[in-house]
Amino acid sequence: MKRFKEKLKGYSLAELVLAIGIFAIMSSMLVFLVIDATRTLENSRYRTKAAQLTQDIYSSLKLIKSKTWYDLAIHTNDGPKHVEYSLGNYSIVDGEGTQDNLTYSFTIDDVPRDINRNIVETGGTVDPHTRLINITITWIDRLGNIHTISPKMYLNDWNT
């Protein structure tokens with residue numbers, strides 16, 4: 001009987017506390033890893049949606065431009081705009097638009113060129129045949145962080 005009791009030794013309190021502490025640290029790291037992976041996947045999905053929205057905006061502005069340059073040019077330096085589709089036509093509307101939890105807008109700006117006809121940031125003369133489209137797309141993730149992408153596009157009135 002004495003031998004049997006010697007074989008049944010238990011764990012000490014220190015060993016139990018250490019095991020519980022290691023388990024708590026490992027499980028908290030795992031929870032943070034899962035949360036971060038979920039947030040990264042969600043932001044990746046939003047980036048994909050934002051890229052598709054950018055292509056939609058580009059295509060709609062190209063259609064507007066091909067219909068008549070004036071419809072695009074009258075909104076130059078006129079603040080944020082967005083595109084709406086109605087009755088088979090795209091139109092440029094004031095303010096921001098929303099789509100799939102993405103908020104977007106764009107501005108249409110003049111394009112300055114130097115004496116060699118190269119596009120420059122400042123100075124130069126305004127090219128009446130070219131416009132810079134600055135798009136801004138934003139979304140808010142689950143943690144309340146704001147994410148923004150800002151693609152740019154040049155349009156001109158040439159029919160090529």
Side-chain angles (χ1 to χ4, degrees), residues 7-67 71-114 118-124 127 130-156:
K7 289 182 181 179
L8 293 177
K9 289 186 177 183
Y11 294 104
S12 70
L13 182 60
E15 291 172 328
L16 285 174
V17 169
L18 181 64
I20 291 172
I22 290 172
F23 177 76
I25 290 170
M26 295 298 285
S27 58
S28 67
M29 287 192 319
L30 183 63
V31 167
F32 287 127
L33 179 68
V34 168
I35 289 171
D36 192 46
T38 303
R39 195 181 91 207
T40 301
L41 179 64
E42 181 181 0
N43 283 335
S44 177
R45 287 183 183 152
Y46 275 117
R47 282 194 188 285
T48 302
K49 287 180 183 181
Q52 181 61 46
L53 179 58
T54 300
Q55 288 300 320
D56 292 346
I57 293 169
Y58 284 172
S59 298
S60 60
L61 289 175
K62 286 179 184 177
L63 286 171
I64 291 170
K65 177 208 93 126
S66 66
K67 184 178 175 187
D71 288 344
L72 189 79
I74 61 171
H75 297 289
T76 303
N77 301 321
D78 196 24
K81 308 285 182 198
H82 70 278
V83 176
E84 286 187 358
Y85 183 76
S86 175
L87 302 171
N89 290 318
Y90 288 100
S91 58
I92 299 173
V93 182
D94 289 336
E96 296 180 331
T98 57
Q99 180 178 326
D100 296 329
N101 294 327
L102 299 171
T103 302
Y104 72 96
S105 66
F106 60 88
T107 59
I108 303 171
D109 301 317
D110 287 320
V111 175
R113 293 185 182 264
D114 64 13
N118 295 318
I119 295 174
V120 293
E121 293 289 320
T122 58
D127 182 357
T130 308
R131 297 294 186 270
L132 172 61
I133 312 298
N134 290 303
I135 300 173
T136 303
I137 301 174
T138 60
W139 67 92
I140 300 173
D141 68 11
R142 291 180 190 231
L143 297 177
N145 297 328
I146 298 173
H147 299 271
T148 303
I149 64 168
S150 301
K152 296 178 186 298
M153 171 181 144
Y154 289 94
L155 283 176
N156 59 45

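Please read all numbers here as calculations on a predicted model, not as lab measurements. Basis for what follows: all heavy atoms, side chains included, without hydrogens, waters or symmetry-related copies.
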A.B. asks: So which heavy atom on Asp127 is nearest to which on Arg113, and how close?
C.D. replies: OD2-NE, 2.6 Å

A.B. asks: Find out whether Gln55 and Tyr58 are in side-chain contact, i.e. whether some heavy atom of one side chain is under 4.5 Å from a heavy atom of the other.
C.D. replies: yes

A.B. asks: Can you tell if the side chain of Tyr46 reaches within under 4.5 Å of the side chain of Asp141, non-hydrogen atoms only?
C.D. replies: no

A.B. asks: Is there side-chain contact between Gln99 and Gln52, with heavy atoms separated by less than 4.5 Å?
C.D. replies: no

A.B. asks: Report the distance from atom CG of Asp109 to atom CG of Asp78, rounding to the nearest 0.5 Å.
C.D. replies: 10.5 Å

A.B. asks: Between Lys67 and Asn89, is any pair of side-chain heavy atoms under 4.5 Å apart?
C.D. replies: yes

A.B. asks: Is any side-chain heavy atom of Trp139 closer than 4.5 Å to a side-chain heavy atom of Ile149?
C.D. replies: yes

A.B. asks: For the residue pair Tyr104 and His82, does the interplanar ring angle fall in the parallel (under 30°), tilted (30 to 60°) or perpendicular (over 60°) class?
C.D. replies: perpendicular

A.B. asks: Could you tell me the separation between the OG1 atom of Thr98 and the CD1 atom of Ile137, rounded to the nearest 0.5 Å?
C.D. replies: 12.5 Å

A.B. asks: Go through Ile135 and Met153 one step at a time and tell me if the side chain to side chain contact (heavy atoms under 4.5 Å, CB included) criterion holds.
C.D. replies: CA-CA 8 Å; Ile135 300 173; Met153 171 181 144; 5.6 Å; no

A.B. asks: Report the distance from atom CD1 of Ile20 to atom OG of Ser27, rounding to the nearest 0.5 Å.
C.D. replies: 11.5 Å

A.B. asks: Can you check whether Thr136 reaches Thr107 side chain to side chain, under 4.5 Å on heavy atoms?
C.D. replies: no

A.B. asks: Side-chain contact, heavy-atom cut-off 4.5 Å: Phe106 with Val83?
C.D. replies: yes

A.B. asks: Mind checking the OG-CD1 spacing from Ser105 to Ile57? Nearest 0.5 Å is all I need.
C.D. replies: 8.5 Å

A.B. asks: Using side-chain heavy atoms (C-beta onward) and a distance below 4.5 Å, is Leu132 in contact with Ile119?
C.D. replies: no

A.B. asks: Give a yes or no on this: more than 12 heavy atoms of other residues, nucleotides or ligands lie within 6.0 Å of atom CG of Leu30.
C.D. replies: yes

A.B. asks: Leu61 and Ile92: side chain to side chain contact (heavy atoms under 4.5 Å, CB included), yes or no, with the steps?
C.D. replies: CA-CA 8 Å; Leu61 289 175; Ile92 299 173; 4.0 Å; yes

A.B. asks: How many angstroms lie between atom CG of Asp56 and atom OH of Tyr85, to the nearest 0.5 angstrom?
C.D. replies: 12.5 Å

A.B. asks: How long is the gap from CG on Leu102 to NE2 on His147, to the nearest 0.5 Å?
C.D. replies: 11.5 Å

A.B. asks: State which residue, out of Thr130, Ile108, Leu72, Ile64, fulfils the side-chain contact (heavy atoms from CB on, under 4.5 Å) condition with Leu155.
C.D. replies: Leu72

